Amino acid sequence: MVIQVYIASSSGSTKIKKQQQDVIGFLEVNKIEFEEKDIAANEENRKWMRENVPEESRPATGNPLPPRIFNDSQYLGDYDAFFEARENNAVYAFLGLTAPPGSKQSVTERDIHQLVLQAVSIQNTKNLRLPLLHLDMIPTVLVKREGRDFGVTKI
């Protein structure tokens, strides 16, 4: 799997330049391997990016603008999607990568078990139905205890 970031080296937009620097800087600091694909210097890169951004992710008018992020040929998103993943500590999941041990996204089965037990305990003692936990990289869990369904919780 290769992360590809499509950028425009000669963009006249300060906003686009800052967004590109933000994505690339984050990947470099976190030692995430990626390829930088310049759509300003290489017509093939521009053509490929524009053809592979899904219709629902295209702007209403004009062409899709960088930065755009792919994992091999799978479209992952634009800067806004990346930013949201970063804010939620879910960049590795967003990129389709396994989080390294010790990262905020590296959650073990034991961690999941502890969180589920805490959720059940709180729901039992306070008789509440709470959407307690939300980490996108952990699967949905149906919590049951003593035959009672405590609901589907994305934890």
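Only this structure's heavy atoms are used, side chains among them; waters, hydrogens and symmetry mates stay out. Model, not experiment: these values are computed from the prediction.
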- Task: Keeping the roles fixed (side chain from D38, backbone from A40), state whether a donor-acceptor pair exists under 3.5 Å.
- Result: yes

- From S11 OG over to Q20 CD, what is the distance, rounded to the nearest 0.5 angstrom? 6.0 Å

- Message: Using the rule that Ile, Leu, Val, Met, Phe, Trp and Tyr join whenever any side-chain heavy atoms are under 4.5 Å apart, tell me whether L97 and V23 fall into a single cluster.
- Response: yes

- Taking atom CD of E33 as the centre, report whether more than 12 heavy atoms of other residues, nucleotides or ligands fall under 6.0 Å from it. no

- Mutual orientation of the aromatic rings belonging to W48 and Y6 [parallel < 30°, tilted 30-60°, perpendicular > 60°]: parallel

- Query: Does the side chain of F82 reach to within under 4.5 Å of the side chain of Q19, using non-hydrogen atoms?
  - Reply: no

- Query: Are the charged groups of K37 and E35 less than 4.0 angstrom apart, N to O?
  - Reply: yes

- Query: What's the shortest heavy-atom distance between V53 and F70, and which atoms?
  - Reply: CG2-CZ, 4.1 Å

- Message: Under a 3.5 Å distance rule, please check whether D78 uses its side chain to pair with a backbone N or O of D80 as donor and acceptor.
- Response: yes

- OG-NZ distance between S10 and K17, expressed to the nearest 0.5 angstrom: 8.5 Å

- Nearest heavy-atom approach of I69 to I3 is CG2-CG2, 4.2 Å

- Is it possible for you to say whether F94 and Y92 belong to one hydrophobic cluster, with membership spreading through side-chain heavy-atom contacts below 4.5 Å? yes

- Message: If I take atom CD1 from residue I7 and atom CG from residue N45, how far apart are they, to the nearest 0.5 angstrom?
- Response: 9.0 Å

- Task: First locate atom CZ of R58, then atom CZ of R68, and finally report the distance between them rounded to the nearest 0.5 Å.
- Result: 8.5 Å

- Message: Determine whether N71 and V2 satisfy the following criterion, side chain to side chain contact (heavy atoms under 4.5 Å, CB included), listing intermediate values before the conclusion.
- Response: CA-CA 5 Å; N71 185 333; V2 176; 5.7 Å; no

- Short N-O contact, R86 and D22, less than 4.0 angstrom: yes

- Query: Are P64 and S57 side-chain neighbours, meaning at least one heavy-atom pair lies under 4.5 Å?
  - Reply: no

- Query: So which heavy atom on G62 is nearest to which on P59, and how close?
  - Reply: O-CG, 3.9 Å

- Straight-line distance of Y75 OH to Q4 CD, nearest 0.5 Å: 13.0 Å

- Gap between atom CZ of F34 and atom CD of E36 - 0.5 Å precision: 5.5 Å

- Message: Quick check on the hydrophobic clustering: are L95 and Y79 connected, directly or via other members, by side-chain heavy-atom contacts under 4.5 Å?
- Response: yes

- Message: Looking at every heavy atom in both I16 and P66, which two are closest together, and how far apart are they?
- Response: CG2-O, 3.6 Å

- Decide salt bridge (charged side-chain N to carboxylate O under 4.0 Å, His left out) for E44 and K47; before the verdict, give the C-alpha distance in whole Å, the side-chain angles of both, and the deciding distance to 0.1 Å. CA-CA 5 Å; E44 287 298 314; K47 183 178 175 186; 5.3 Å; no

- Query: Under a 4.5 Å cut-off applied to non-hydrogen side-chain atoms, are M49 and I39 in contact?
  - Reply: yes

